[in-house]
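What you see is a predicted model, and the numbers here were worked out from it, not measured in a lab. This chain uses plain numbering: 1 for the first residue, then up along the sequence.
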Amino acid sequence: MIMNRKRPDKSFYKIPFNIETYNGMPYRRLGNSGLRVSNIGLGTWKMGYPETGDESRINESTAFALLEKAIDLGVTFWDTANRYNNASGNSERIIGAWLKKNPRQRRNVVVATKMGGAMDGITPNHNGLSRINILESVYASLERLQSDHIDLLYFHAFDQATPIEESLAAIEDLVRQDVVRYFGVSNFSVEQLHGYRKVEDAMGVRCRIVAVQNQFDILQGEYGIYRGVLDHAAKNGIAFIGWSPMARGLLTRKYLDPSKAIPGDRLLDEGILEKATSPEVMKKLHQLAALAEKWNMELNQLAIAYMLTLTGMGPIIAASSNVEQLVSNAAAGVIVLSDEQKEKIQEILLLA
């Protein structure tokens with residue numbers, strides 16, 4: 001006898017098999033991996049508990065408003081590190097507190113954190129990329145994040161004192177435990193990346209580097225010994241993720257008149273305002289701002305949209321101090337620059 005079977009709700013069939021966006025935000029693959037991340041991510045280095053003296057700039061209340069708005073905007077790639085805010089771990093704690101309050105959102109967010117610097121202990125073993133420090137740092141981060149896994153774990157810097165084989169073996173073990181799901185590095189040179197690739201091949205590891213996070217902005221490009229990493233990443237299926245993509249706020253119109261900088265502005269507070277606003281840089285900055293105004297976009301949006309066109313570039317993880325900045329940054333994630341617009345931007349950036 002043929003049984004009558006209840007058919008699924010027809011709304012089920014309206015869901016496409018391949019989903020390229022979330023809440024209107026386009027996603028892109030992280031390197032050659034199958035992981036997809038939002039074009040615009042959220043840097044959380046400013047988030048913490050200022051009342052504790054951790055040197056953070058955004059308290060829990062404001063941070064929660066940002067994280068909630070980020071979900072609404074499809075900004076689901078969240079970047080942190082255990083040592084952010086005076087090695088307090090408080091940036092991770094903020095994310096963890098929000099995830100505890102919103103447990104159903106955990107699967108919608110890709111959380112990336114970093115380890116490597118002295119943290120979570122006071123002995124020489126609580127520093128670097130030794131097996132013991134990797135494992136203990138990850139377990140401590142999980143506790144602060146109030147999560148059973150880290151989506152993307154970075155080594156925060158290269159460690160010449162520890163054999164690469166030891167570090168990668170620890171990552172492999174964490175992946176087998178489903179404690180870490182993807183692996184990346186930060187502040188690595190081309191030579192160091194080559195060294196890791198050689199050992200990855202020799203060991204036959206399954207969890208290879210999928211992302212490298214180095215300093216990058218469209219005014220200066222790559223810095224110092226890290227020049228050439230973007231090209232290397234593009235050729236080797238690694239996503240390049242630039243930290244400080246807004247050049248410490250320089251690309252947000254805040255410094256079009258440097259004389260108006262006030263305490264609280266990052267370049268002024270860090271004592272590098274004069275160096276960062278050289279005549280050559282200011283000429284480019286004003287020309288870029290004029291283009292942005294002509295094209296009905298903000299300067300930060302022009303910078304982000306252009307970065308997203310660069311071969312090998314991963315998501316852009318600009319930090320936001322308030323919801324308005326977050327909304328502006330997120331809007332850049334859907335901008336598609338024409339070839340003519342890209343050429344005009346290039347012309348300015350190539351000026352001597």
Side-chain angles (χ1 to χ4, degrees), residues 21 23-28 38-46 57-58 62 65-79 215-221 241-262 264-268 273 276-277 281-310 313-351:
T21 65
N23 285 355
M25 174 62 65
Y27 275 45
R28 57 181 52 203
S38 52
N39 270 1
I40 306 301
L42 179 62
T44 66
W45 72 272
K46 296 180 180 181
R57 302 184 181 192
I58 298 174
T62 301
L66 284 165
L67 297 175
E68 288 161 11
K69 187 63 176 180
I71 293 288
D72 292 341
L73 296 169
V75 177
T76 58
F77 182 57
W78 296 353
D79 183 86
Q215 189 173 8
F216 185 97
D217 62 73
I218 65 171
L219 287 170
Q220 300 292 334
I241 302 174
W243 61 263
S244 194
M246 296 294 96
R248 290 178 165 83
L250 196 58
L251 287 161
T252 62
R253 299 186 67 90
K254 183 184 295 185
Y255 297 101
L256 287 178
D257 184 351
S259 67
K260 294 183 178 180
I262 59 175
D265 291 343
R266 188 175 178 186
L267 291 176
L268 183 64
L273 178 63
T277 56
V281 168
M282 294 307 298
K283 179 179 180 181
K284 293 180 181 180
L285 194 63
H286 279 277
Q287 290 181 335
L288 291 171
L291 278 186
E293 185 173 358
K294 179 181 178 181
W295 296 336
N296 296 314
M297 62 180 76
E298 295 295 328
L299 177 57
N300 62 297
Q301 293 172 340
L302 179 149
I304 291 171
Y306 181 73
M307 277 185 67
L308 286 170
T309 71
L310 301 178
M313 187 61 66
I316 309 302
I317 51 166
S320 299
S321 296
N322 53 60
V323 169
E324 291 74 22
Q325 287 181 358
L326 176 59
V327 170
S328 180
N329 290 337
V334 302
I335 294 175
V336 179
L337 296 174
S338 68
D339 290 340
E340 181 181 0
Q341 286 176 316
K342 288 186 285 186
E343 288 173 3
K344 289 186 178 298
I345 294 170
Q346 290 168 1
E347 289 172 3
I348 293 172
L349 297 179
L350 291 173
L351 289 174

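Taking all atoms of both residues into account, the shortest heavy-atom contact from Met282 to Leu256 is CE-O, 3.5 Å. The two atoms that bring Leu73 and Met25 nearest to each other are O-CB, 3.5 Å, heavy atoms only. Taking every heavy atom of both residues into account, Leu67 and Leu42 meet most closely at CD2-CD2, 3.7 Å. When all heavy atoms of Leu251 and Leu285 are compared, the pair lying nearest together is CD2-CD1, 3.9 Å. Here the closest non-hydrogen pair linking Leu349 and Lys284 is O-NZ, 3.1 Å. Nearest approach of Trp243 to Gln215, heavy atoms of both residues: NE1-N, 3.1 Å.
Counting only distance, with no hydrogens or angles, the side chain of Lys46 and the backbone of Ile58 share no donor-acceptor pair below 3.5 Å. Judged by distance alone, the side chain of Gln341 and the main-chain N or O of Ser338 form a donor-acceptor pair under 3.5 Å. Judged by distance alone, with hydrogens and angles left aside, the side-chain atoms of Arg28 form a donor-acceptor pair with the main-chain N or O of Met313 at under 3.5 Å. In this structure, the side chain of Ser244 engages the main chain of Arg248 through a donor-acceptor pair within 3.5 Å. Using a distance-only test at 3.5 Å, with no hydrogens or angles considered, no donor-acceptor pair links the side chain of Asp217 to the main chain of Pro245. The main-chain N or O of Tyr27 is never found under 3.5 Å from a side-chain atom of Ser38 such that the two would form a donor-acceptor pair. A donor-acceptor pair under 3.5 Å links the side-chain atoms of Gln301 to the main chain of Ser328, judged by distance alone.
Atom CG of residue Leu326 and atom CD of residue Glu68 lie 11.5 Å apart, to the nearest 0.5 angstrom. Here the CZ atom belonging to Phe216 is positioned 13.0 Å from the CD1 atom belonging to Ile241, to the nearest 0.5 angstrom. Distance CD1/Ile335 to OG1/Thr309: 12.0 Å, rounded to 0.5 Å. In this structure, Leu288 CG and Leu250 CG are separated by 10.0 Å, a value rounded to the nearest 0.5 Å.
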Exercise for review: Run the numbers on Asn39 and Ile316 for side chain to side chain contact (heavy atoms under 4.5 Å, CB included), then give the verdict.
Suggested key: CA-CA 6 Å; Asn39 270 1; Ile316 309 302; over 6 Å; no

Exercise for review: Test side chain to side chain contact (heavy atoms under 4.5 Å, CB included) on Leu66 and Gln325 and set out the steps.
Suggested key: CA-CA 10 Å; Leu66 284 165; Gln325 287 181 358; over 6 Å; no

Review point. Taking it one step at a time, do Ile71 and Trp78 satisfy side chain to side chain contact (heavy atoms under 4.5 Å, CB included)?
Key: CA-CA 10 Å; Ile71 293 288; Trp78 296 353; 3.9 Å; yes

**Study point:** Candidate pair Ile40 and Leu308, rule side chain to side chain contact (heavy atoms under 4.5 Å, CB included), full reasoning
**Key:** CA-CA 9 Å; Ile40 306 301; Leu308 286 170; 4.2 Å; yes

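Other residues, nucleotides and ligands contribute only 12 or fewer heavy atoms inside 6.0 Å of the CD atom of Glu293.
In the model, Asn329 has a side-chain atom that pairs as donor or acceptor with a side-chain atom of Ser320 under 3.5 Å. Of the N and O atoms on the side chains of Asp72 and Asn23, not one donor lies less than 3.5 Å from an acceptor on the other residue.
In this structure, the side chains of Leu337 and Ile345 come closer than 4.5 Å at one or more pairs of heavy atoms.
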